[in-house]
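Here's the structure we're looking at; comments come further down.
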Number of protein chains: 2
Amino acid sequence: MDKIKVALVDEHPVMCDGIQSLLSDVIDIQIVHSSRTVTDLIQKLYFDWANVVIVVLYTPDPEDAELISLLCKKHPKVQVLVLSMYRIENMIFKMIKAGAKGHLTSETNRDEMVEAIYTLRNGFDFYAKTITNLILRNYLNGSDEAAEARREREKSLSTREMEVLKLFARSYTNKEIADRLFISVRTVESHKNNIMRKINLKTTVDMVKFAIRNNIVDVY
Amino acid sequence: MDKIKVALVDEHPVMCDGIQSLLSDVIDIQIVHSSRTVTDLIQKLYFDWANVVIVVLYTPDPEDAELISLLCKKHPKVQVLVLSMYRIENMIFKMIKAGAKGHLTSETNRDEMVEAIYTLRNGFDFYAKTITNLILRNYLNGSDEAAEARREREKSLSTREMEVLKLFARSYTNKEIADRLFISVRTVESHKNNIMRKINLKTTVDMVKFAIRNNIVDVY
DNA sequence: ACTTCTTTAGGTGTTTTACTGAATCCTCTA
DNA sequence: TAGAGGATTCAGTAAAACACCTAAAGAAGT
């Protein structure tokens with residue numbers, strides 16, 4: 001059987017070298033590519049010249065999910081294995097939804113990584129124990145009411161609230177938002193209060209982060 | 001001559017494995033320790049059982065400088081090599097000041113890392129080209145004025161300002177920040193104002209985004 | 001018709017921001 | 001060694017934003 005062709009994506013070149021070296025003595029595995037971004041890899045990866053792509057993610061960025069989705073679409077034969085340094089359910093689910101077939105965390109080791117690569121090449125999914133624990137806990141929470149309601153609310157911002165949130169997260173002041181939407185400053189305050197209550201946020205700082213996480217605004 | 005004993009500090013175990021593997025075929029180098037934090041290493045490192053400690057840092061945290069300083073004090077014979085995933089002049093200078101004898105960035109590769117380890121063991125300092133370029137540009141900045149001053153300001157947040165920014169961007173209120181840093185709320189306000197003036201930010205929303213962009217805090 | 005949610009907005013008191021000034025400490029340099 | 005300059009500390013004052021509450025008009029569904 002041919003060697004398993006593995007491509008790496010890690011924004012830090014040293015880490016690419018490290019993983020490459022980590023897998024160098026596994027005779028069935030061959031590293032065929034290293035890229036700093038998923039976008040780069042998509043361009044480099046002609047003719048599906050890889051069985052497995054390991055994408056290393058350091059910070060939870062919703063955009064990564066889109067990029068992985070794009071990667072899966074452009075190269076359907078490639079199996080994507082995410083190695084995330086964070087353990088945020090929401091993000092991990094996003095990656096799975098985007099088409100990632102496996103997920104490891106920083107708790108992983110060489111053997112698990114090799115096992116994951118083999119498993120993915122053979123057409124099966126592979127999730128680290130730390131991940132499956134998360135997923136299990138998430139399912140068990142599913143029957144819960146409070147938790148479910150919270151998650152529900154998280155998606156049910158009204159149109160107006162979205163507009164206010166968007167402008168606020170773009171550094172508009174309350175007065176500017178009020179003028180632009182032809183409403184009172186007090187109404188803007190109300191909307192912001194309601195947003196925070198709905199999503200269960202403590203401060204406006206959290207509101208900014210929420211907007212960034214959900215791609216309502218850019219980080220720039 | 002004895003092998004060079006190298007200890008690793010990386011909060012992500014996989015990365016420790018990766019670097020260990022990366023250096024495994026260098027016959028003169030032997031990895032003797034792996035820790036997730038500098039604090040852990042200090043406790044594990046009896047009798048200066050290492051010539052070089054590689055500390056991998058992902059986000060710019062002033063506390064890391066203090067920990068490295070402590071490490072240098074407790075184990076004077078150990079040479080500290082920092083591998084930072086960021087390139088913020090201010091922080092790099094802090095690490096050097098704290099006693100780090102070398103500094104690499106994510107742009108580094110195996111050969112450079114090996115060279116750095118050898119150099120440090122021999123009692124000399126080693127800074128990656130990307131770092132020396134930063135330092136050079138920093139010195140040359142004296143000539144230009146307006147344009148260069150902006151870039152200057154953008155990277156010259158003081159330690160205290162960094163601490164305040166970090167806590168603020170982690171959703172702490174001014175009062176909480178004040179209590180934690182044992183200063184007045186008015187002082188916290190001053191620091192926040194100074195940060196915004198230095199980096200030329202309009203609102204606190206921009207400040208949150210700045211912190212996220214520069215990996216000072218995460219998005220969640 | 002009734003409930004529920006959205007959108008609107010005000011009251012009141014607290015917190016944060018904008019802008020300014022200023023004292024103390026540390027470091028670097030002439 | 002004295003002075004310049006930045007870092008760190010704190011305060012006064014007016015404006016803005018926030019927390020917590022109430023509440024009315026309208027739209028949508030049961």
Between C1' on C:dC5 and CD on A:Glu161, what's the gap in Å once rounded to a whole number?
10 Å

Salt bridge between B:Glu107 and A:Arg36, side-chain N to carboxylate O under 4.0 Å?
yes

Heavy atoms under 4.0 Å, any strand shown: does A:Thr187 hit a base, just sugar-phosphate, or nothing?
base

Taking every heavy atom of B:Ile42 against every heavy atom of B:His75, the minimum-distance pair comes out as O-NE2, 3.3 Å

Could you go step by step and tell me if B:Tyr58 and B:His12 meet the ring-ring contact (aromatic ring centres under 6.0 Å, His included) rule?
CA-CA 10 Å; B:Tyr58 292 88; B:His12 310 302; 4.7 Å; yes

If you compare all heavy atoms of B:Gln79 against all heavy atoms of B:Gly123, which two are closest, and at what distance to 0.1 Å?
NE2-CA, 4.5 Å

How many Å lie between CZ on A:Arg197 and C1' on D:dC20, as a whole number?
11 Å

With a 4.0 Å limit, can you tell me whether A:Ser184 has a side-chain N or O closer than that to the phosphate oxygens OP1/OP2 of C:dG10?
yes

Just the rounded figure in Å: distance from P of C:dT4 to NZ of A:Lys198.
16 Å

What are the two closest heavy atoms between B:Arg170 and A:Lys209, and how far apart are they?
CA-NZ, 3.8 Å

To the nearest Å, give me how far apart CD1 (B:Ile177) and C1' (D:dT9) are.
16 Å

Return the value, rounded to whole Å, for the distance between atom CG of B:Leu181 and atom C1' of D:dC10.
15 Å

Atom CD of A:Glu163 and atom C1' of C:dT7: how far apart are they, to the nearest Å?
11 Å

Any ion pair linking A:Glu163 and A:Arg160 (charged N to carboxylate O, less than 4.0 Å)?
yes

Tell me whether the side-chain N/O atoms of B:His191 come closer than 4.0 Å to OP1 or OP2 in D:dT9.
yes

Rounded to whole Å, how long is the line connecting atom CD1 of B:Ile183 with atom P of D:dA7?
15 Å

Measure all distances between protein nitrogen or oxygen atoms and nitrogen or oxygen atoms of nucleotides 13-22 of chain C, and list the pairs falling under 3.5 Å.
{"from": "C:dT16", "atom 1": "OP1", "to": "B:Asn174", "atom 2": "N", "distance (Å)": "3.2"}
{"from": "C:dT17", "atom 1": "OP2", "to": "B:Asn174", "atom 2": "ND2", "distance (Å)": "3.4"}
{"from": "C:dT17", "atom 1": "OP2", "to": "B:Lys192", "atom 2": "NZ", "distance (Å)": "2.8"}
{"from": "C:dA18", "atom 1": "OP1", "to": "B:Lys202", "atom 2": "O", "distance (Å)": "3.4"}

